[in-house]
Amino acid sequence: MSRLPHLTTRLQGFGTTIFAEMTALANEHNAVNLGQGFPDFEGPAEIKDAAIAAMNAGHNQYCPGAGIPSLRQAIAEHQKRFYDLDYDPAGEVTVFTGATEAIASSLLALCEAGDEVVLFEPFYDSYRAAVAMAGASPRVIPLRDPDFRYDPELLELSIGPKTRVLVLNSPHNPTGKVFSRAELEHIAALCIKHDVLVLSDEVYEHLTFGVEHVPIATLPGMRDRTITISSAGKTFSLTGWKIGWACAGKDVTAAIRTSHQFVTFCNGTPFQHGIAHALRMGDHFFDGFRSEYQVRRDKLCAGLRDVGFTVLDPAGTYFACVDIRAMGFDDDQTLCRLLPEKVGVAAIPNSAFYLDPRRGKHLVRFAFCKTDAVLDEGIARLRKNIGNLKAAT
Ligand code: PMP
Ligand code: GLN
């Protein structure tokens with residue numbers, strides 16, 4: 001791999017994110033973008049109205065670094081309402097510039113150079129970069145398709161005196177796996193035994209289909225060793241607002257606020273007012289959100305199956321992965337680089353989510369956070385044009 005000048009050794013090889021790359025290709029070829037995970041529809045008007053009202057009321061300057069008090073209160077109420085978890089908004093809830101900054105600032109605050117961070121592989125791409133920026137090393141535990149279970153013994157062997165943090169992501173991007181209560185109990189027991197902190201990325205907490213989302217912080221002994229991270233981007237279809245948050249015990253919160261104040265300090269004051277309103281919306285919103293996505297998931301999965309892919313049905317998130325081997329392909333990067341031009345659809349090659357890309361090269365991720373018409377068009381193009389791609393590879 002070529003070395004970029006100026007870039008620190010820690011970040012060599014990270015290049016451009018796969019999401020930016022595939023969206024650029026989609027735009028270039030006017031393709032239906034089922035790659036990058038952003039909704040192509042608007043978030044609720046009442047949330048936007050609350051942010052506009054805040055702007056017009058003059059809430060346009062820096063806010064407290066930990067976030068505006070009403071949003072921290074709303075986040076604490078949300079954790080109580082959905083999970084019966086109690087957090088003190090003053091000292092245990094922090095607002096960040098999206099989940100991405102919450103993850104990076106947490107790892108920067110918690111890891112010493114040389115510490116190990118356990119990641120389940122495949123992993124959301126920013127984890128590995130944040131681990132690298134913190135000077136720590138990743139230790140990966142494979143989630144093996146088709147059911148994406150991990151090997152309990154391997155996890156037991158991989159956690160030891162050097163492990164500082166275990167990163168959990170449930171519901172899981174890109175696989176759509178929702179960790180079971182039994183799996184979470186196993187992970188929790190190991191983290192307690194080895195005094196490891198858990199960074200739990202729950203940005204898809206409201207997107208589970210027929211299975212329960214169990215925040216690991218609800219398990220006995222876990223509240224004070226867990227940093228629970230979420231974001232308004234997914235739940236309220238407002239990915240561009242970049243309002244995320246973390247709930248953690250008092251001491252961990254004090255640590256992660258220390259790095260946060262020097263990474264971004266604060267973000268999006270009027271948007272924070274909007275999200276304070278959003279988190280207090282009634283059950284009809286959260287129930288409707290889930291059921292609308294269930295319909296989208298079923299539509300995309302049925303369409304991909306009809307095209308001939310082996311679909312690994314997701315239990316959560318707004319992504320569906322397919323095994324491309326049944327269609328006669330064996331390299332996800334080649335397929336995804338040709339897909340926009342030859343088929344008119346963009347998707348994400350899963351190998352971008354693996355330490356060793358060879359382990360994920362038979363998988364491709366499609367996003368279903370799209371309107372019906374766009375999903376229908378994407379499926380129709382795949383059905384009609386996938387033959388062109390077979391000829392091109
Ligand atoms: N974690 C996961 C698992 C994600 O899929 C994403 C992408 N939305 C993020 C974190 C980043 O969230 P945000 O846009 O709030 O930074
Ligand atoms: N989370 C989004 C995804 O997985 C991408 C966010 C980004 O582009 N950084 O597709």
Side-chain angles (χ1 to χ4, degrees), residues 14-27 33-40 43 67 71 75 94-107 119-131 143 148 167-179 198-208 213 215 227-246 260 263-264 267-268 271-272 274-275 278-279 293 300 314 316-321 336 346-354 360 363-370:
F14 281 96
T16 306
T17 84
I18 194 67
F19 309 115
E21 194 184 336
M22 290 301 148
T23 288
L25 265 187
N27 294 341
N33 192 350
L34 304 183
Q36 193 177 27
F38 64 89
D40 67 348
L71 176 54
I75 293 164
T94 310
V95 179
F96 291 87
T97 307
T100 309
E101 195 241 328
I103 293 159
S105 287
S106 297
L107 292 172
L119 304 177
F120 289 98
E121 183 197 58
F123 42 76
Y124 180 59
D125 68 340
S126 86
Y127 301 165
R128 203 178 135 214
V131 168
L143 297 174
F148 296 110
V167 178
L168 181 70
N169 173 214
S170 182
H172 181 264
N173 179 7
T175 66
K177 172 188 171 78
V178 177
F179 282 70
V198 175
L199 188 154
S200 184
D201 178 345
E202 303 181 15
V203 299
Y204 300 100
E205 60 186 316
H206 290 291
L207 282 178
T208 53
H213 166 61
I227 305 113
T228 303
I229 290 174
S230 194
S231 165
K234 311 291 149 175
T235 304
F236 304 114
S237 307
L238 296 164
T239 57
W241 285 20
K242 294 295 280 188
I243 302 295
W245 53 86
H260 163 65
V263 174
T264 58
N267 173 54
F271 297 140
Q272 293 197 21
I275 301 306
L279 285 167
Y293 265 101
L300 181 69
T317 75
Y318 49 45
F319 305 111
C321 293
C336 289
I348 300 291
N350 277 41
S351 58
F353 305 119
Y354 289 76
L363 299 173
V364 164
R365 189 195 83 177
F366 290 87
F368 54 86
C369 44
K370 308 291 167 182

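Because the structure is a prediction, the values reported are computed rather than measured. Numbering of ligands and ligand atoms starts at 1, following listing order.
Formation of a donor-acceptor pair under 3.5 Å by the Asp201 side chain with backbone atoms of Ile103 is not found in this model. Looking at Thr264, its side chain never comes within 3.5 Å of a backbone N or O of Thr97 through a donor-acceptor pair. In this structure a side-chain-to-backbone donor-acceptor pair under 3.5 Å is missing from Arg365 to Ala347. Between the side chain of Asn169 and the main chain of Pro171, a donor-acceptor pair closer than 3.5 Å is present. Under the 3.5 Å distance criterion, the side-chain polar atoms of His206 are left unmatched by any main-chain donor or acceptor of Lys234. Checking side-chain atoms of Tyr318 against main-chain N and O of Gly37 turns up a donor-acceptor pair under 3.5 Å.
Close approach to Gly98 involves these atoms of ligand 1, each under 4.0 Å from a residue heavy atom: 15 (O), 16 (O). Atoms of ligand 1 found under 4.0 Å from any heavy atom of Val203, numbered from 1 in the order shown, are 1 (N), 2 (C), 3 (C), 4 (C). Set against the non-hydrogen atoms of Lys234, the atoms of ligand 1 under 4.0 Å away are 7 (C), 8 (N). Counting atoms of ligand 2 from 1 in the listed order, those under 4.0 Å from a heavy atom of Arg365 are 3 (C), 4 (O), 10 (O). Per-residue contacts place Lys242 under 4.0 angstrom from the following atoms of ligand 1 (heavy atoms of the residue considered): 13 (P), 14 (O), 16 (O).
The protein heavy atom nearest to atom 6 (C) of ligand 2 is Tyr124 OH, 3.4 Å. Residue, atom and distance of the protein heavy atom nearest to atom 8 (O) of ligand 2 are Gln36 NE2, 2.7 Å. Counting protein heavy atoms only, atom 5 (O) of ligand 1 is closest to Tyr204 OH, 2.6 Å.
On a distance-only criterion, Asn173 and ligand 1 share at least one N/O pair closer than 3.5 Å. Backbone and side-chain nitrogen or oxygen atoms of Ser231 are examined, and one is located within less than 3.5 angstrom of a nitrogen or oxygen of ligand 1. The shortest N or O to N or O distance between Gly37 and ligand 2 is under 3.5 Å.
Within the 4.0 Å heavy-atom criterion, the part of Asn169 lying near ligand 1 is the side chain and not the backbone. With a 4.0 Å heavy-atom cut-off, ligand 2 is reached by no atom of Met22. When heavy-atom distances to ligand 1 are checked against a 4.0 Å cut-off, Ala99 comes that close through both its backbone and its side chain. Looking at Phe38 against ligand 2, nothing comes within 4.0 Å, counting heavy atoms.
The closest heavy-atom contact to atom 2 (C) of ligand 1, among the options Asp201, Thr100, Thr97, comes from Asp201. Of the candidates Tyr124, Phe38, Trp241, the one placing a heavy atom closest to atom 9 (C) of ligand 1 is Tyr124. One option in Asn173, Thr317, Asp125 has a heavy atom closer to atom 4 (O) of ligand 2 than any other, and that option is Asn173.
Aromatic ring pairs are classed by plane angle as parallel below 30°, tilted from 30° to 60° and perpendicular above 60°; the pair Phe19 and Phe353 is tilted.
Lys370 forms a cation-pi arrangement with Phe38, by the criterion of a distance under 6.0 Å to the ring centre and an angle within 45° of the ring axis.
Checked against Phe319 for a ring-ring contact (aromatic ring centres under 6.0 Å, His included), the options Phe366, Tyr204, Phe368 give a single hit: Tyr204.
For the atom pair CG of Leu363 and OH of Tyr354, the computed distance is 5.0 Å after rounding to the nearest 0.5 Å. Atom CG of Leu168 sits about 11.0 Å away from atom CD1 of Ile229, to the nearest 0.5 Å.
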